[in-house]
Amino acid sequence: MKSRPLILITPCTERRGVEFSDSSLSLSDRYPRAIVAAGGIPWVLPCLPSGNMAAEAVRRCDGMMLTGGDDVQPKLYANHLPPKLKRVLSPAEPARDLAELLLIREIFRQRKPLLAICRGQQILNVALGGTLIADIPTQVPGALNHSRLDRKDKIVHKVALTPGSILNKIAGKQTLGVNSSHHQAVGRLGELLCVTAVSPDGVVEGLELAEAAAGVWAWVVAVEFKHKRLLARTSGSFERLRSVNGAV
């Protein structure tokens, strides 16, 4: 019997946890549940910024999921941001950013599959030399309201999928209804990446490897939306996900 693939998941951190009121891990249960539903075994890795730890963890896993959470530290993608803009940011603990950057480096070095969600898409783009829109309402005139925290588990807008992309094959259609709970987005595109999903206002909603890189690196898909919150609606997608490019 074939073993279920082991999928490494990166969590958020909390300054005051429930048990000892100390620094703790935090992760929605829907992430690991989605992994189980897709046929994998979830493995939540602490935010430990160690190159050796990252290398061994990636070596042992069959693939990795970068999850959502607090904002990426602005110093990683911008030299200077106006004070007014900085005030609307909620940067993650520096340890999380560094740990994820190390893991992304190893994922590419060891050529393992990667699924990046929301903040995960953003840190992936930064890791590959791209930038971020620090705050959509401030920096994108006429943008949709992408921070629909009041409708986290509801479809609030559609995205257009690039024909022939992995997302297009998984969804089985050209447009996809998504939820939206972010205020940051991909700015200048990082190396090796191409845009495969866009919202009606032009905000990047999905990334994959560019065609030239796809034959060299492993399976990489990033999305800005969080379909794990729409788990009951997307069960059919898991069967398609298993069959597309050998993905888990």
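Between Cys194 and Glu211 there is no side-chain heavy-atom pair separated by less than 4.5 Å. Between Arg148 and Asn179 the shortest side-chain heavy-atom distance does not fall below 4.5 Å. Contact check for Val223 versus Ile117: side-chain heavy atoms found under the 4.5 Å cut-off. Here the side chains of Leu124 and Val220 are in contact, with some heavy-atom distance below 4.5 Å. By the 4.5 Å heavy-atom criterion applied to side chains, Leu102 and Arg105 are counted as neighbours. Side-chain contact between Leu176 and Leu167 is absent, with no heavy-atom pair separated by less than 4.5 Å.
Minimum interatomic distance between Asp97 and Arg119 (heavy atoms only, all atoms of both residues): OD1-NH2, 2.6 Å. Closest non-hydrogen pair, Leu89 versus Pro74, comes out as CD1-CG, 3.9 Å. Leu85 and Ala134 get closest at one heavy-atom pair: CD2-CB, 4.0 Å. Closest approach of Pro113 to Ile107, counting heavy atoms only: O-CD1, 3.9 Å. Here the shortest heavy-atom pairing between Lys112 and Cys61 reads NZ-O, 2.7 Å.
Side-chain atoms of Thr162 never come within 3.5 Å of backbone atoms of Asn168 as a donor-acceptor pair (strictly under, hydrogens ignored). Without hydrogens or angle criteria, Asp62 side chain to Ile7 main chain gives no donor-acceptor distance under 3.5 Å.
Taking OH of Tyr31 as the start and SG of Cys12 as the end, the distance is 7.0 Å to the nearest 0.5 Å. How far SG of Cys118 is from NE2 of His182: 6.0 Å, rounded to the nearest 0.5 Å. Thr10 OG1 to Met64 CE: the interatomic distance, rounded to the nearest 0.5 Å, is 6.5 Å. Distance CG/Asp71 to CG/Leu76: 12.0 Å, rounded to 0.5 Å. Within the model, atoms CG of Leu207 and OG1 of Thr196 stand 6.0 Å from one another, a figure rounded to the nearest 0.5 Å. How far CG of Leu115 is from CG of Leu66: 8.5 Å, rounded to the nearest 0.5 Å.
Relative ring orientation between His157 and His146 is described as perpendicular, the plane-to-plane angle rising above 60° on a 0-90° scale split at 30° and 60°.
Under the side chain to side chain donor-acceptor pair (under 3.5 Å) criterion, the residue pairs touching residues 122-138 are Gln122-Glu224, Asp135-Thr138, Asp135-His183, with sequence neighbours excluded. Residue pairs meeting the side chain to side chain donor-acceptor pair (under 3.5 Å) criterion with at least one partner in residues 76-89, sequence neighbours excluded, are Tyr77-Gln184.
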Checking Phe108 against Leu209 for the side-chain contact (heavy atoms from CB on, under 4.5 Å) test, could you report, in this order, the C-alpha distance in whole Å, the side-chain angles of both residues, the deciding distance, and whether it holds?
CA-CA 11 Å; Phe108 277 86; Leu209 288 176; 4.0 Å; yes
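Partners of Glu56 according to the salt bridge (charged side-chain N to carboxylate O under 4.0 Å, His left out) rule, which considers only residues two or more places apart in sequence or in another chain, are Arg59, Arg60. Applying the salt bridge (charged side-chain N to carboxylate O under 4.0 Å, His left out) rule to Glu208 yields no partners; only residues at least two apart in sequence or on another chain are considered. Partners of Arg96 under the salt bridge (charged side-chain N to carboxylate O under 4.0 Å, His left out) rule, at least two apart in sequence or in another chain, are Glu100.
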Under 3.5 Å, which donor-acceptor pairs do the side chains of residues 34-54 form with other protein atoms, sequence neighbours left out?
from, atom 1, to, atom 2, distance (Å)
Ser50, OG, Asn52, N, 3.4
Ser50, OG, Met53, N, 3.1

